[in-house]
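Note that the structure is a prediction, hence the values are computed from the model and not measured. Numbers restart at 1 for each chain; the letters A, B, ... are given by sequence-line order, proteins then strands.
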Number of protein chains: 2
Amino acid sequence: MKKDKRWERIPGCSIEAALNVIGGKWKGVFLFHLLDGTMRYNEFSKLAVGASPRLIVKQLRELEEDGLIERKVYAVVPPKVEYSLTSEGKSLKPILKSLSGWGDQWIDKRPWTLNE
Amino acid sequence: MKKDKRWERIPGCSIEAALNVIGGKWKGVFLFHLLDGTMRYNEFSKLAVGASPRLIVKQLRELEEDGLIERKVYAVVPPKVEYSLTSEGKSLKPILKSLSGWGDQWIDKRPWTLNE
DNA sequence: CGGCATCCAAGTAGATACTG
DNA sequence: CAGTATCTACTTGGATGCCG
């Protein structure tokens with residue numbers, strides 16, 4: 001977590017504060033899928049193709065530190081951990097939906113294509 | 001620009017495609033301020049306190065490559081360059097506003113404070 | 001004014017192996 | 001299952017100086 005002093009006085013900083021929270025490499029995807037309900041570590045790892053456990057955990061921990069998701073550990077064997085959105089996290093719903101919609105459109109319109 | 005192959009099949013990838021575009025260190029701020037009209041390089045540098053010219057230019061170039069902003073060079077002395085949003089860039093307006101609003105709220109609610 | 005080139009430091013992500 | 005540890009590679013960003 002970067003508690004960067006500069007957010008204090010830059011005009012438009014709230015934009016960056018927001019992006020700082022959801023802009024991590026997989027955070028948007030994780031949050032988006034959490035809109036549909038609780039997820040387990042294993043599901044995230046299937047989602048984040050190519051990402052190492054290290055990174056997945058890091059993204060999840062940061063979201064947790066930011067109070068957007070909750071991590072619930074069950075004392076069972078085998079271990080079970082569930083991640084879910086907090087109310088703060090749920091407040092991102094309209095934004096995540098908008099981003100998803102815009103991204104979808106943009107993939108078609110963007111000036112470059114994959115495999116070029 | 002990273003034309004990352006993985007966007008092709010990951011569910012929720014449109015979220016990341018969108019974040020990939022606006023998630024750069026200063027891109028959100030730049031885009032947000034461009035909503036109010038054209039900006040010049042000098043204005044960006046005042047906005048991005050502590051950022052090196054190198055980074056500022058890089059962010060602007062990437063936004064340009066992504067077709068979100070337009071760079072207009074006037075052949076005058078001293079040089080004058082104006083940046084403005086393309087129609088694609090303008091389509092981000094509701095999202096940028098939402099992000100700004102959410103970020104504003106979140107700055108008050110977030111679990112940590114500055115200068116801690 | 002509005003950059004670019006070069007070099008270097010630091011942070012970030014990946015690979016791999018291992019564990020409670 | 002749900003991670004941790006370690007080590008390495010890569011990317012990103014800052015500093016500085018120069019140019020049209």
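Using modelled atom types and a 3.5 Å distance limit, the side chains of B:Trp112 and A:Asp66 yield a donor-acceptor pair. No side-chain donor from either of B:Glu70 and B:Tyr83 sits under 3.5 Å from a side-chain acceptor of the other.
When side chains are defined from C-beta on, B:Phe44 counts as touching B:Leu34, because their heavy atoms get closer than 4.5 Å.
For the OP1/OP2 pair of C:dA13 and a distance below 4.0 Å, the side-chain nitrogens and oxygens of A:Lys58 include at least one atom meeting the criterion. Applying the 4.0 Å criterion to OP1 and OP2 of C:dG14, one finds that A:Lys25 has a side-chain N or O inside that range. Using a 4.0 Å cut-off, no side-chain N or O of A:Tyr41 falls inside it from OP1 or OP2 of D:dT4.
Remark on DNA chain D: of its neighbouring residues A:Arg40 and B:Pro53, the 5'-side contact belongs to A:Arg40, judged by nearest-heavy-atom nucleotide. Sequence order on DNA chain D of the closest nucleotides to B:Ser52 and A:Pro78 puts A:Pro78 first from the 5' end.
Rounded to whole Å, atom P of C:dG2 lies 9 Å from atom OH of B:Tyr83. Taking atom CZ on A:Phe44 and atom P on D:dG3, their separation rounds to 10 Å, with Å as the unit.
The base of C:dT6 is paired with the side chain of B:Arg54 by a donor and an acceptor separated by under 3.5 Å.
Ranking C:dA13, D:dG3, C:dG20 by closeness to the A:Pro79 side chain, first place goes to C:dG20. Among the nucleotides C:dG3, D:dG3, D:dC1, the one closest to any side-chain atom of B:Arg61 is C:dG3.
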